[in-house]
Structure formats: structure tokens, C-alpha cells
Enquirer: 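I'd like to ask you about the structure that follows.
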Number of protein chains: 2
Amino acid sequence: MRYHRNDVVARAIAVLDEYGLESLSMRRLATDRGVQPSALNHHVPNKQTRLAAVADEKLARGRRPRRATRWDERVVEVCRELRDAMLAYRDGAEVVVTAHTFGLGAGEPADRLRDALRDGGLPDDLVDVGTRAILHLVFGHTTEEQLALQAASAGAIDRAPGGPADFERGLELVLDGIRARVTS
Amino acid sequence: MRYHRNDVVARAIAVLDEYGLESLSMRRLATDRGVQPSALNHHVPNKQTRLAAVADEKLARGRRPRRATRWDERVVEVCRELRDAMLAYRDGAEVVVTAHTFGLGAGEPADRLRDALRDGGLPDDLVDVGTRAILHLVFGHTTEEQLALQAASAGAIDRAPGGPADFERGLELVLDGIRARVTS
DNA sequence: ACCTGAACACCGTTCAAGT
DNA sequence: ACCTGAACACCGTTCAAGT
């Protein structure tokens, strides 16, 4: 049973990467597997859950060793890993953000950010606020960036650069705000 | 022609507010107006454009007089207005964020933020970075907040408060980061 | 346990034809 | 100019029935 579920998720990622999110329908996935649409519900209960599983698998594949030790370096490390994991697959940002919005999966980056901020000495009542601020920044920036990248590769006008440099600078802005509130 | 377009948008907002985004289909809207689905395309070319028009109308309705004079107070003012406008209608956050993601409409808040940051003395190359950071923060926070509110009113478990106080504190975090880079 | 087949209740968009 | 009617190519989910 576990085997089949992972199988469905793996195929879903492959289909997603090749045809995009709009094509990640149960019917297309079923056709791809040579099976009836209704058969998918035996492995993953519904579309939302399947999308969350896809998001989690993307993040898991993008996992990298942790090198940083200082709290703020750890924040940057988590954010870079998250951004790269989202950019690594077609429509990856949208999938991860959607899953997060519905409170499904993708909770690991948030936990790592929270830990880093706590260890940094940020007052308890600001740890959640800071974590969310950073997460929203990464999500928003990466969604915009990926859309611009995909639009550019499709021949459309790329009106926004917002590459890695802008990402880092936006992050530093928030980090400076947090540093100003660290008690030590 | 203009009249009909506005009429479609106004009805769309009413339907949206009563039945939610998932019900804002061309077919339902057409039924609501006592018309064939294909008739809508004579006033608004497609669904995406209609959604952008709805987003713009929401923001326009939420417009308030500008009182603040200091640049950072103006930023807070714009953000509060934006948040309130999104929260004022069902699924408002999602509609506005989606429209913004596709680069359609909703450009006015970004322009006002940019102006405020420029007037504040933030270096030119950081104005866009700061504007986006703030916008992403507002979008992310408000989307989460509205989802929690709607889930709570639907009887589900509200696992996240994240009300106005958290909103302000997240914003202050970024503003502190920006203040640290203002040359004056 | 896993899957089929069929149905249910929907989508957005196009386009010839009418008034 | 505005709308109908019909079609095209899809959706997610449910559920009795088969193996």
C-alpha cells in the first residue's frame, strides 16, 4: 500500500514537471498509469492530499546538508534550500505554497526557521511573527520568480528580473529587522 | 458596453461574496444573470480578466483617504488599507493575490509603497526589493488570516490566530530593516 | 485489497446562427 | 451589438460490481 502511494506521487511529479500543474488531473494521471480515474482514490484519498504529498516529496528531494551554525546563517540556509527546491520543478512554487496555505505538509522549513530564531534569542512572542514573515517572503518571491522564468522561456515578455540577488537582499532586509530585536 | 462590463463585475462580486471563489464560474454567473454562459464573453474576454477586474474593484471599494505624512506611516497606511480591502469580501485575499501573481491589475498599492520608500530615502536599488518584501508579507499574512477566519466560521479548528496585532508586528519587523538602510 | 465501468454534477471556450 | 444553442474537450468524486 505504501509502495503504491509513493508510486502515484512519483508519477505525479514526473507528469507535473513535463506538462505543468494544470495538467495534473486525476484523469490524466490515470491515463498515464493506464488505469481508471477512480482507481487513484484507493492510494490517495483526494486531489488536495495528492498535491500536498507532491509538495512534501519535492521538498524532501531538495534537502541539503546543514552547514551553518550562526542562527542568521541558518535562516539564510533554510531559505535558499526552500527556494531552490521550489524552483527545481515546474510549477513547484505554486504547489508548495498551495499546500502550505491549506495547512498540509511542508511544515518542515517553518520548524527549522522557528528553531533558528529561537536559538538566536528572539523574544518568544516574536518567533512566530518572524517565521511567518520570512516564509511569506520566500514564498512570494519564489512564486513571482518562477512565473517570470516560465513566462520568459515560453517567449513572453519578462518584465521582472528578481533573481537570486534580489532574493538575498529582501531576506537581509527582514533579517536586519529581526537582528534589531535580538536580546544579546 | 462599459455599463455591461461593470454590471458583470458587480454581479461577480456579489456571487463571490455569497458563494465563494469556487462558485465563481462562468456557468453559475450566467445562470445568475439569466443568460447563456457564452454571453459573458462579450463583456469580459475570459475568466482571468474577469477575476482581475473583480480584484481591482475590491481594492477600489476599500480605498480610504490618505492621512499619514511620514514615509513609514504611509507604508503602514497602505498595508492596512490593502489588508482590510482583502478581508472585506469572501476569498478576497486569494482573488487579489492571484490577480497580482499574473501581473493583472492591483498595481496601485505597489505604486504607493514604492513612492513612500523612495520618499523615505531608501537607495534606488532597494526600493523595488523593499516594495516586494512588504507586498509579499501583506499578501501572505492576509491569505493565512482569511483562511483561518473562514475555517473558524465554518466550525473547523482555528489553529492560527495571526490577527491584526501579528500583522502590525510583522510589518514593523520589515520596516525596521528598511529604516536601517535609509540614508538620512 | 484493488480496480472497472458508469454515472453525477460540473468546468471554460468556441462558433455558427439568430435578432 | 448582443445573445442563443450546441458542441468540444475536459474536470473531481462516488459507488455498485467484479476479481
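Sequence lines set the chain letters: A, B, ... in the order given, protein chains first and strands last, and positions in each chain run from 1.
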Enquirer: Polar pairs (N or O, both sides) under 3.5 Å between protein and nucleotides 4-7 of chain C?
Expert:
unit_1: dT4(C); atom_1: OP2; unit_2: Gln36(A); atom_2: N; d: 2.8
unit_1: dG5(C); atom_1: OP2; unit_2: Gln36(A); atom_2: NE2; d: 3.2
unit_1: dG5(C); atom_1: O6; unit_2: Ser38(A); atom_2: OG; d: 2.7

Enquirer: Between dA16(C) and dC3(D), how far apart are the two C1' atoms, rounded to whole Å?
Expert: 13 Å

Enquirer: Need the pair for dT19(D). Rule: Watson-Crick or G-U wobble, both distances under 3.5 Å, any strand; none if unpaired.
Expert: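 The base-pairing partner of dT19(D), which may sit in any strand shown, is dA1(C).
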
Enquirer: I need the NZ-P distance between Lys47(B) and dC10(D), as an integer number of Å.
Expert: 17 Å

Enquirer: Figure out the CG/C1' separation between Leu40(B) and dT13(C), and round it to whole Å.
Expert: 12 Å

Enquirer: Quick check: is Leu87(B) connected to Leu147(B) through a chain of hydrophobic side chains (ILVMFWY, heavy atoms under 4.5 Å apart)?
Expert: no

Enquirer: Please examine the side chains of Gln146(A) and Glu94(A), heavy atoms only from C-beta on, and report whether any two atoms are closer than 4.5 Å.
Expert: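 Not touching, per the 4.5 Å side-chain cut-off.
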
Enquirer: Which heavy atom of Leu122(B) sits nearest a heavy atom of Val127(B), and at what distance?
Expert: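 Looking at all heavy atoms of both residues, the closest pair is O-CG2, 3.7 Å.
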
Enquirer: Between dC8(C) and dC11(D), how far apart are the two C1' atoms, rounded to whole Å?
Expert: 12 Å

Enquirer: Taking all heavy atoms of Ala85(A) and all of Leu59(A), pick out the closest pair and write down the distance.
Expert: CB-CD2, 4.0 Å

Enquirer: Could you tell me how far apart Asn46(A) (CG) and dG12(D) (P) are, to the nearest whole angstrom?
Expert: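 The distance from CG of Asn46(A) to P of dG12(D) comes to 11 Å, rounded to the nearest Å.
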
Enquirer: Under 4.0 Å, heavy atoms only, any strand: does Asn41(A) hit a base, just the sugar-phosphate, or nothing?
Expert: base

Enquirer: Determine whether Thr131(A) and Asp128(A) satisfy the following criterion, side-chain hydrogen bond (donor to acceptor under 3.5 Å, both in side chains), listing intermediate values before the conclusion.
Expert: CA-CA 5 Å; Thr131(A) 300; Asp128(A) 277 346; 5.0 Å; no

Enquirer: In whole angstroms, how far is the P atom of dC10(D) from the OH atom of Tyr19(A)?
Expert: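 So the OH-P distance, Tyr19(A) to dC10(D), works out to 13 Å.
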
Enquirer: For Glu22(B) and dG12(D), what is the distance between atoms CD and C1' respectively, to the nearest whole Å?
Expert: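 Rounding to the nearest Å, CD of Glu22(B) and C1' of dG12(D) are 12 Å apart.
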
Enquirer: Can you tell me which residue among Ile13(A), Val95(A), Val54(A) is in a side chain to side chain contact (heavy atoms under 4.5 Å, CB included) with Tyr89(A)?
Expert: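 That would be Ile13(A); it is the only one of Ile13(A), Val95(A), Val54(A) passing the side chain to side chain contact (heavy atoms under 4.5 Å, CB included) with Tyr89(A).
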
Enquirer: Looking only at side-chain N and O atoms, does His43(B) come under 4.0 Å of OP1 or OP2 in dA1(D)?
Expert: no

Enquirer: Nearest whole angstrom, please: distance from the C1' of dC10(D) to the CZ of Arg28(A).
Expert: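 Spelled out: CZ on Arg28(A) to C1' on dC10(D) is 10 Å.
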
Enquirer: Under a 3.5 Å cutoff, is there a donor and acceptor pairing between the side chains of Arg90(A) and Tyr19(A)?
Expert: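 No, no side-chain donor-acceptor pair sits under 3.5 Å.
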
Enquirer: Output the rounded distance in Å from CG (Leu29(B)) to P (dC10(C)).
Expert: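 My rounded result for the distance is 15 Å.
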
Enquirer: Under a 3.5 Å limit for both distances, which nucleotide forms a Watson-Crick or G-U wobble pair with dA6(D), could you say?
Expert: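 WC or wobble partner is dT14(C).
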
Enquirer: Over how many whole Å does the gap from Leu21(B) atom CG to dG12(C) atom P extend?
Expert: 11 Å

Enquirer: Please pick, from dC11(D), dG12(C), dC11(C), the nucleotide with the shortest atom-to-atom distance to any side-chain atom of Ser25(A).
Expert: dC11(D)

Enquirer: Rounding to the closest angstrom, what is the interatomic distance between dC2(D) and dC15(C) at atom C1'?
Expert: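 After rounding to an integer number of Å, I get 15 Å for this pair.
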
